[in-house]
A.B. asks: 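Got a structure for you, questions after.
Model, not experiment: these values are computed from the prediction. Start at 1 with the first residue, then count along the sequence.
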Amino acid sequence: MAYAKTSAGLDSSLTDVKKEAADVDGNGKITINNAYKILQYYANTSVGNDVTCDDILAN
């Protein structure tokens with residue numbers, strides 16, 4: 001939900017700690033790219049692929 005709110009120009013209502021966690025690519029912004037990377041990691045690990053967060057962020 002935070003990604004959708006931020007994309008619409010609204011306040012995400014996240015704490016600073018949660019904002020930092022949501023910014024997986026470390027560019028200081030919460031964007032759809034962050035959501036995509038998180039979902040990519042989740043999809044890969046849920047089917048048993050041996051990937052790390054670094055693997056996903058490198059692509």
A.B. asks: If you measure from CG on Leu14 to CD on Glu20, what distance do you get to the nearest 0.5 Å?
C.D. replies: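 Those atoms lie 12.0 Å apart.
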
A.B. asks: Listed by chain and number, what are the side-chain hydrogen bond (donor to acceptor under 3.5 Å, both in side chains) partners of Ser7, not counting sequence neighbours?
C.D. replies: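 Checked Ser7 against side-chain hydrogen bond (donor to acceptor under 3.5 Å, both in side chains); zero matches.
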
A.B. asks: Can you list everything that forms a side-chain hydrogen bond (donor to acceptor under 3.5 Å, both in side chains) with Asp50? Sequence neighbours excluded, please.
C.D. replies: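 Applying side-chain hydrogen bond (donor to acceptor under 3.5 Å, both in side chains) to Asp50 gives none.
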
A.B. asks: Going by the rule side-chain hydrogen bond (donor to acceptor under 3.5 Å, both in side chains), which residues pair with Asp55 if we only count those two or more places apart in sequence or in a different chain?
C.D. replies: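 Testing Asp55 for side-chain hydrogen bond (donor to acceptor under 3.5 Å, both in side chains), a comparison that skips the adjacent residues, returns Thr52.
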
A.B. asks: Any side-chain heavy-atom pair from Lys37 and Asp25 closer than 4.5 angstrom?
C.D. replies: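 No, every pair of side-chain atoms sits at 4.5 Å or beyond.
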
A.B. asks: How about Val24 and Ile38: do any of their side-chain heavy atoms sit closer than 4.5 Å?
C.D. replies: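 In short, these two side chains touch, coming nearer than 4.5 Å.
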
A.B. asks: Is a side-chain N or O of Asp23 found less than 3.5 angstrom from the main chain of Asn27, in a donor-acceptor match?
C.D. replies: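 Present.
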
A.B. asks: I need the minimum non-hydrogen distance between Asn34 and Ala22, along with the two atoms involved.
C.D. replies: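 That closest heavy-atom pairing would be CB-O, 3.3 Å.
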
A.B. asks: Give me the atom names and distance for the closest heavy-atom approach of Ser13 to Lys5.
C.D. replies: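 What the structure gives for the nearest pair is OG-NZ, 3.9 Å.
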
A.B. asks: If you measure from CD on Gln40 to CG on Leu57, what distance do you get to the nearest 0.5 Å?
C.D. replies: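 Interatomic distance, Gln40 CD to Leu57 CG, rounded to 0.5 Å: 9.0 Å.
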
A.B. asks: Could you tell me the separation between the CD1 atom of Ile56 and the CG atom of Asn44, rounded to the nearest 0.5 Å?
C.D. replies: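 Spacing of CD1 (Ile56) from CG (Asn44) equals 4.5 Å.
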
